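Have a look at the structure below before the remarks.
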Amino acid sequence: MRRKEKRLLQAVALVLAALVLLPNVGLWALYRERQPDGTPGGSGAAVVPAAGQGSHSRQKKTFFLGDGQKLKDWHDKDSIRRDAQRVGNGEQGRPYPMTDAERVDQAYRENGFNIYVSDKISLNRSLPDIRHPNCNSKRYLETLPNTSIIIPFHNEGWSSLLRTVHSVLNRSPPELVAEIVLVDDFSDREHLKKPLEDYMALFPSVRILRTKKREGLIRTRMLGASVATGDVITFLDSHCEANVNWLPPLLDRIARNRKTIVCPMIDVIDHDDFRYETQAGDAMRGAFDWEMYYKRIPIPPELQKADPSDPFESPVMAGGLFAVDRKWFWELGGYDPGLEIWGGEQYEISFKVWMCGGRMEDIPCSRVGHIYRKYVPYKVPAGVSLARVFTFTWREDIRPGDPQHTKKFCFDAISHTSPVTLYDCHSMKGNQLWKYRKDKTLYHPVSGSCMDCSESDHRIFMNTCNPSSVTQQWLFEHTNSTVLEKFNRN
Ligand code: LR7
Ligand code: MN
């Protein structure tokens, strides 16, 4: 009887121990799954050197995650060494010494950046490694998903497009690049036709697709995504330069959690002299203002990572440069195909990923340069509206016109007796600030008067506030009563 009990106890203890300790099953696996971050992006903490490989060993070290997944140093040391030795125009991301002849307006006209300068810089130019020093010692999963790299373009410059492709081929482990898909959005420049096809024939991993009419960047990206064969799809703009070891840190995060969309840090390639540098303030979170304009705002101190080279969450992405698990992209419904030409899609995908149980991260150890144009060079077909796709209707200025608020005129008043005029909205309140009052008058704090309507000719002007005057009573339709009540209480 007692021996039987003892055996039973032993068996129970064994099962419990197995549950706790065995990799990939039981409590440990459960615990791992519940860590929202997974293990830190290949950083030292959860990593132990494999047995028998002392830290002084000169050979490539193998590292294991706690559950036996191997980690490796993905840096291509040879290519880094070769890059470091390069000299010449624009090498090491240095500014090209522009001459007056290159400074002319004509150089910018077709692309919004200086194509003369771009043409003078090697397609294989070297870039400065401006990553945080900790990135040098980060290890990523030895087995990573591969990716299709999708590059939409419309009338892109020859050298800027080719440099994008070259930088990807030069700085990505070949086994991780399933293909590069160039998707031409109905360009009409000659160099993007046969010459591009002949050139790219030299690179077996590059495919060219073309839309049948001008689709805009969103549907063009979707066309690329629809033919992609990689586990992951990575989108780039057509005037980018991938920096050292940019790809493994992105794919590693997706391998650990397939619902993570990851963005590299976007560096600035100057549109004049092509120097390569970080954006002002470098690591910031994505945000947007009341006009739906994309902004970058500092990370609050309490959310800053102990190691600034670790991935951090961002509410919205800049839009053009990111990697996403291919199946997850389609589970999210891709992009809304009704989005025209340019804009808005970065919010759509960002909102969807957060609302559907995914997450979005910026990856400081992955850096890609982007040419920020001086102006938009391409035409938007007639009849296509680029109106922002989302609007917030509650403001303290008043914008008459269509309900989408695409017209940017506001009611403006300059004095306590002046006519009410329409003026370009400046969003700085002041003369365009109106207060809704309980007595249904529209009060203008700057002039100290109310909006009035003349009974004879219906012109609108400012007048001393008189709540009992019928010509100062305004009917508010579609009001947000919660906001109004709160406002009136204060
Ligand atoms: O009709 C078009 N068809 C296209 O194929 C218009 C553009 N394009 C291509 C174009 O060649 C380029 O490769 O689409 C890509 C993006 O167009 P850009 O470079 O004119 O746009 P941008 O750099 O000003 O735009 C930023 O915001 C856009 C909003 O729709 C997209 O999300 C871009 O991808 C995005 N770029 C970035 O996020 C890079 C960082 C800049 C920022 C912010
Ligand atoms: Mn761009």
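Because the structure is a prediction, the values reported are computed rather than measured. Ligands are counted one by one from 1 in listed order, and the atoms in each one are counted from 1 as well.
The distance from the CZ atom of Arg359 to the OG1 atom of Thr260 is 5.5 Å, given to the nearest 0.5 Å. Here the straight-line distance linking atom CD1 of Ile149 with atom CZ of Arg207 works out to 13.5 Å at 0.5 Å rounding. Met284 CE to Arg296 CZ: the interatomic distance, rounded to the nearest 0.5 Å, is 5.0 Å.
Ring geometry for Tyr335 versus Phe235: interplanar angle of 30 to 60°, hence tilted.
Backbone and side-chain nitrogen or oxygen atoms of Arg214 are examined, and one is located within less than 3.5 angstrom of a nitrogen or oxygen of ligand 1. Annotation: Leu236 places no N or O atom under 3.5 Å from an N or O atom of ligand 1; distance criterion only.
The protein heavy-atom contact nearest to atom 2 (C) of ligand 1 is Asp185 OD2, 3.4 Å. Of all protein heavy atoms, the one lying nearest to atom 42 (C) of ligand 1 is Tyr372 CE2, 3.7 Å.
In terms of distance to the Mn ion (ligand 2), the nearest N, O or S atom of Asp237 is named OD2. Of all N, O or S atoms in His370, the one lying closest to the Mn ion (ligand 2) is NE2.
Taking 2.8 Å as the criterion, Cys240 does not count as a coordinating residue of the Mn ion (ligand 2), since none of its N, O or S atoms falls below it.
The residues Glu348 and Lys352 are annotated as salt-bridged, a charged nitrogen and a carboxylate oxygen being separated by less than 4.0 angstrom.
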